[in-house]
Amino acid sequence: MISIFRLKNIISIKDFEREDIEYILNEASKLENIAKSKETCEELKGKILGLMFFEPSTRTKLSFETAIKRLGGDGIGFENSGSSSVSKGESIADTAKMFEGYCDALVIRHELEGVSKFISGIVDVPVINAGDGAGQHPTQTLLDLYTIKNEIGSIDNLKIALIGDLKFGRTVHSLSNALSLFNNVKIYLVSPKELKMPQEILIDLNKTNIEYEEVDNIESIIDDVDVLYVTRIQKERFPDIDDYMKIKGAYVINKKMLEGKDLIVMHPLPRIDEIAGDVDDTKYNKYFTQAANAVPVRMAILKTLIKNNPK
Ligand code: CP
């Protein structure tokens, strides 16, 4: 029986036990009817969510806004530092203290690793990391796991290929850490040599029972996996644009290569060209479902954190 959620803040998936993940996925299942029927409830009536987005976002910001509204609350915030007084020189710390006075929880995206953790140390309301540079994206991982559980039936015994930018991709960092909490999981790490999974994540994996293998092509593993988890090569993370141009388009999934395979294709999105448009209308496409699953999962996160930590 999953009866408690221990965390006040969601900063890194490494702070989670398996039971914490299962708690959120279970809550999300219960909220899915409201999310999918486009209704609202009064679970968080009168509660305000603060959204501090210093980096661009479509899915994370809009799904958090949708989630708080479907729970009967509301959201306030900004979507770049240029539209806040940070542009006048106000510190992130002072900005966060203002949000603390106005809100019941804070969601923060920033291009620097560690910003959410820093803010969680100076405010009393729950803080949620919505992506910190090339660090972590824990709420994306929770919706990824929710999608895998719904589509495959179980996270235990999973075989998954993480493809693309494993060096800077925060979604694959968080997901790798989370998968190591489950039983009999194998991860194939598929990337160009320039974008391999960082050593610190491999060291984390080596401390667990998870099996992983680094490979440089999709063909060698495509018959062996349940999930192809594709990521974008992130132009904005390359200090030198020439380095980006050399590996841009290194991996492209198309309909022909999927025919006859027993797998699903996931992607945290946005995509550029790494999944061809002809995959969209096939049974393999679960990336739009994955994006929609953000609403019940983020509803579960907000309900849990705000109810467990009243102001
Ligand atoms: N998956 C994800 O984080 O998308 P956004 O950058 O649009 O929020």
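Along the sequence shown, residues are numbered consecutively beginning with 1. Counting starts at 1 for both ligands and their atoms, following the listed order.
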salt_bridge([X], [Y]) N-O dist < 4.0 Å:
X	Y	value
Glu200	Lys14	no
Lys97	Asp94	no
Lys186	Glu213	yes
Glu43	Lys307	yes

Salt bridge (charged side-chain N to carboxylate O under 4.0 Å, His left out) partners of residues 248-268, not counting sequence neighbours, each pair once: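 Checked against salt bridge (charged side-chain N to carboxylate O under 4.0 Å, His left out) - neighbours excluded - the pairs reaching residues 248-268 are Asp223-Lys261.
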Sorted by chain and number, the residues that approach ligand 1 to under 4.0 Å with a heavy atom: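 Lining ligand 1: Ser57, Thr58, Arg59, Thr60, Arg109, His137, Gln140, Pro268, Leu269.
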Main-chain N/O of Ser83 paired to Asn80 side chain as donor or acceptor, under 3.5 Å: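 Yes, because the side chain of Asn80 sits within donor-acceptor range (under 3.5 Å) of the backbone of Ser83.
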